[in-house]
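One structure is given here, and the rest of the page talks about it.
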Amino acid sequence: MSNETRKKLPLAVLISGTGRSLKNLIEKIQRNEIDCEIKVVIASSKTARGIQYAEKAVIPIEIVERANYETSEGFSEAVFQECTRYGAEYVVMAGYLKLLHIPDSFRGRVINIHPSLIPSFCGKGFYGHRVHEAALDYGVKVSGCTVHFVDNEYDGGPVILQKVVPVLEDDTPQTLNDRVFYQAECVAYPAALQLLAEGRVSVRGRKVLIAPGMEPVITPPVLPDDLALKTSSTGDDKSEYLQTSIREAPRLF
Ligand code: GRF
């Protein structure tokens with residue numbers, strides 16, 4: 001449970017697609033689990049489906065489209081100008097698919113989540129199901145997610161938190177995606193934001209140090225009814241497996 005008297009960390013959340021991460025963060029804020037406040041949602045396209053969650057939560061929305069700028073630098077400047085205008089201290093990439101040039105004023109204040117254990121299956125071209133396909137093709141036994149600071153390389157900045165999930169023998173990219181997202185990402189991203197809100201995160205070179213204290217208490221998400229892995233090829237009820245293992249998921253740190 002967050003501290004009611006603590007100042008809320010002001011965030012800008014950047015989205016490009018379905019907005020599941022945005023929805024999860026909004027839920028954690030509404031349940032008072034993290035001391036954060038979303039000042040603005042910036043979408044890279046007006047058709048980004050995640051915009052609906054910002055509308056429902058009455059959060060200001062800005063659309064900044066790459067096509068309206070001649071250069072990537074000009075586009076990035078426009079995005080960060082909006083972040084400044086709304087008073088965001090941290091910029092949270094949530095399924096955001098554009099490469100940004102981070103200005104000096106936001107260095108060390110942009111974070112992202114990637115659906116693998118970096119440095120595996122990351123970098124240019126590794127997004128969406130491609131990440132999980134690569135993990136399955138390689139035959140890894142565990143996967144997970146990585147919350148990291150963003151620098152000017154794809155998935156390149158210092159690692160804040162990682163959370164691991166098992167890979168099962170009959171996994172498909174979809175079932176692995178669902179497990180990584182609901183079991184790992186929905187807990188690790190808000191937890192990392194809460195650590196930032198508590199001022200417990202510092203960076204020394206490539207290493208992120210977390211000052212001692214309570215582990216943030218983040219409740220697992222409610223699984224959507226249409227979760228694709230309700231029944232596996234063998235007929236097992238995998239959604240039940242997923243629920244169970246959320247409860248039994250290892251501690252974050
Ligand atoms: C997640 O897999 C996350 O790791 C990556 O984008 C996906 C979430 O996108 N950065 P969205 O929130 O559903 O749009």
Side-chain angles (χ1 to χ4, degrees), residues 1-2 9 11 13-38 41 48-50 52-54 56-57 59 90 92-96 111-118 121-122 127-129 131-132 135 142-148 155 159-168 171 173-198 214-230 238-253:
M1 184 62 71
S2 69
L9 188 68
L11 308 176
V13 178
L14 273 43
I15 63 168
S16 294
T18 58
R20 292 172 308 159
S21 310
L22 170 64
K23 179 173 182 281
N24 179 54
L25 293 178
I26 291 172
E27 283 168 7
K28 301 303 185 252
I29 289 170
Q30 288 172 343
R31 296 169 67 129
N32 218 19
E33 292 185 19
I34 58 174
D35 295 301
C36 298
E37 180 186 5
I38 303 175
V41 167
R49 278 162 47 209
Q52 61 178 306
Y53 302 118
K56 207 167 154 213
I59 298 168
Y90 278 85
V92 177
M93 291 184 169
Y96 191 68
I111 66 170
N112 183 38
I113 189 160
H114 182 76
S116 75
L117 299 171
I118 289 177
F121 317 121
C122 65
Y127 60 86
H129 274 200
V131 178
H132 305 296
V142 293
S143 189
C145 70
T146 303
V147 185
H148 63 95
D155 305 322
V159 170
I160 304 171
L161 279 185
Q162 291 186 301
K163 191 160 167 58
V164 175
V165 301
V167 175
L168 305 184
D171 264 333
Q174 183 63 52
T175 60
L176 184 55
N177 168 75
D178 287 340
R179 190 174 311 107
V180 168
F181 183 76
Y182 290 105
Q183 189 173 319
E185 295 190 38
C186 285
V187 174
Y189 218 178
L193 289 171
Q194 180 59 16
L195 292 171
L196 287 166
E198 291 176 17
M214 296 275 287
E215 180 174 327
V217 179
I218 307 294
T219 53
V222 176
L223 298 178
D225 293 340
D226 62 346
L227 192 67
L229 52 113
K230 267 201 170 118
K238 284 250 192 105
S239 67
E240 194 166 302
Y241 165 79
L242 192 63
Q243 291 277 22
T244 310
S245 42
I246 284 175
R247 271 186 251 115
E248 292 169 356
R251 292 168 64 85
L252 276 164
F253 55 90

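Numbers here simply count residues along the sequence, with the first being 1. The model shown is predicted, which means the values in this text are computed figures rather than measured ones. Computed from heavy atoms alone, side chains included, the values below leave out hydrogens, waters and symmetry copies.
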Query raised in the report: Can you find a heavy atom in the side chain of Val167 that is under 4.5 Å from one in the side chain of Leu176?
Result: yes
**Report entry** Donor-acceptor contact below 3.5 Å, side chain Lys28 vs main chain Thr219
**Finding:** yes
Requested in this report: Without swapping roles, check the side chain of Arg49 against the backbone of Gly19 for a donor-acceptor pair under 3.5 Å.
Outcome: no
Report summary line: For Lys163 and Ala188 the tightest heavy-atom approach is CB-CB, 4.2 Å
Query - Residues which pass side-chain hydrogen bond (donor to acceptor under 3.5 Å, both in side chains) with Glu27, listed by chain and number, not counting sequence neighbours - result: Lys23
Query - Side-chain touch Met93/Ile111, heavy atoms, less than 4.5 angstrom - result: no
Requested in this report: Identify the two heavy atoms, one from Leu161 and one from Ala191, that lie closest to each other, and give their separation to 0.1 Å.
Outcome: CD1-CB, 4.0 Å
Requested in this report: Heavy atoms only: give me the nearest Val13-Ala94 pair and the separation to one decimal.
Outcome: CG1-CB, 3.8 Å
Report summary line: d(Tyr53 OH, Ile59 CD1) to nearest 0.5 Å is 12.5 Å
Query - Spacing of CG belonging to Leu25 relative to CD belonging to Gln30, to within rounding of 0.5 Å - result: 11.0 Å
**Report entry** Beyond-backbone contact of Asn112 with Tyr96, side-chain heavy atoms, under 4.5 angstrom
**Finding:** no
Report task. Walk me through it: do Val92 and Leu193 pass the test side-chain contact (heavy atoms from CB on, under 4.5 Å)? Result -> CA-CA 9 Å; Val92 177; Leu193 289 171; 3.8 Å; yes
Report summary line: Between His129 and Pro173 the two heavy atoms that sit nearest each other are ND1-CB, 4.0 Å
Report task. Answer whether the closest heavy-atom distance between the side chains of His132 and Pro115 falls below 4.5 Å. Result -> yes
Query raised in the report: Do Lys56 and Ile26 have side-chain heavy atoms sitting under 4.5 Å apart?
Result: no
Query raised in the report: Who pairs with Phe121 by side chain to side chain contact (heavy atoms under 4.5 Å, CB included), at least two apart in sequence or on another chain?
Result: Ser116, Phe126, Val131, Ala134, Ala135, Tyr138, Val140
**Report entry** Which residues share a side-chain hydrogen bond (donor to acceptor under 3.5 Å, both in side chains) with Gln52, sequence neighbours left out
**Finding:** none
Report task. Working to the nearest 0.5 Å, report the span between CD of Glu37 and CG of Leu9. Result -> 9.5 Å
Requested in this report: Using the test side-chain hydrogen bond (donor to acceptor under 3.5 Å, both in side chains), find all partners of Thr146 that sit at least two apart in sequence or belong to another chain.
Outcome: Gln162
**Report entry** Qualifying residues under side chain to side chain contact (heavy atoms under 4.5 Å, CB included), relative to Ile29, sequence neighbours excluded
**Finding:** Ile34, Cys36, Ile38
Requested in this report: Go through the steps to decide whether His148 and Ile118 satisfy the test side-chain contact (heavy atoms from CB on, under 4.5 Å), and finish with yes or no.
Outcome: CA-CA 9 Å; His148 63 95; Ile118 289 177; 3.7 Å; yes
Query - Sidechain-backbone polar pair: Glu185 side chain, Cys145 backbone, donor-acceptor under 3.5 Å - result: no
Query raised in the report: How far does CD1 of Ile113 sit from SG of Cys186, to the nearest 0.5 angstrom?
Result: 8.0 Å
Report task. Measure the shortest side-chain to side-chain distance between Asn24 and Pro190 over non-hydrogen atoms and say whether it is less than 4.5 angstrom. Result -> yes
**Report entry** Heavy-atom pair with the smallest gap, counting every atom of Leu22 and Gly50
**Finding:** CD2-O, 3.6 Å
Query - Counterpart residues, side-chain hydrogen bond (donor to acceptor under 3.5 Å, both in side chains), relative to Thr18 (two or more places apart) - result: none
Report task. Locate the shortest heavy-atom distance separating Val217 from Glu33; write the atom from each residue and the value. Result -> O-OE1, 3.6 Å
**Report entry** Pair Leu168-Arg179, side-chain contact (heavy atoms from CB on, under 4.5 Å): steps then yes or no
**Finding:** CA-CA 10 Å; Leu168 305 184; Arg179 190 174 311 107; 3.2 Å; yes
Query raised in the report: Is it the case that more than 12 heavy atoms not belonging to Phe181 sit under 6.0 Å from its CZ atom?
Result: yes
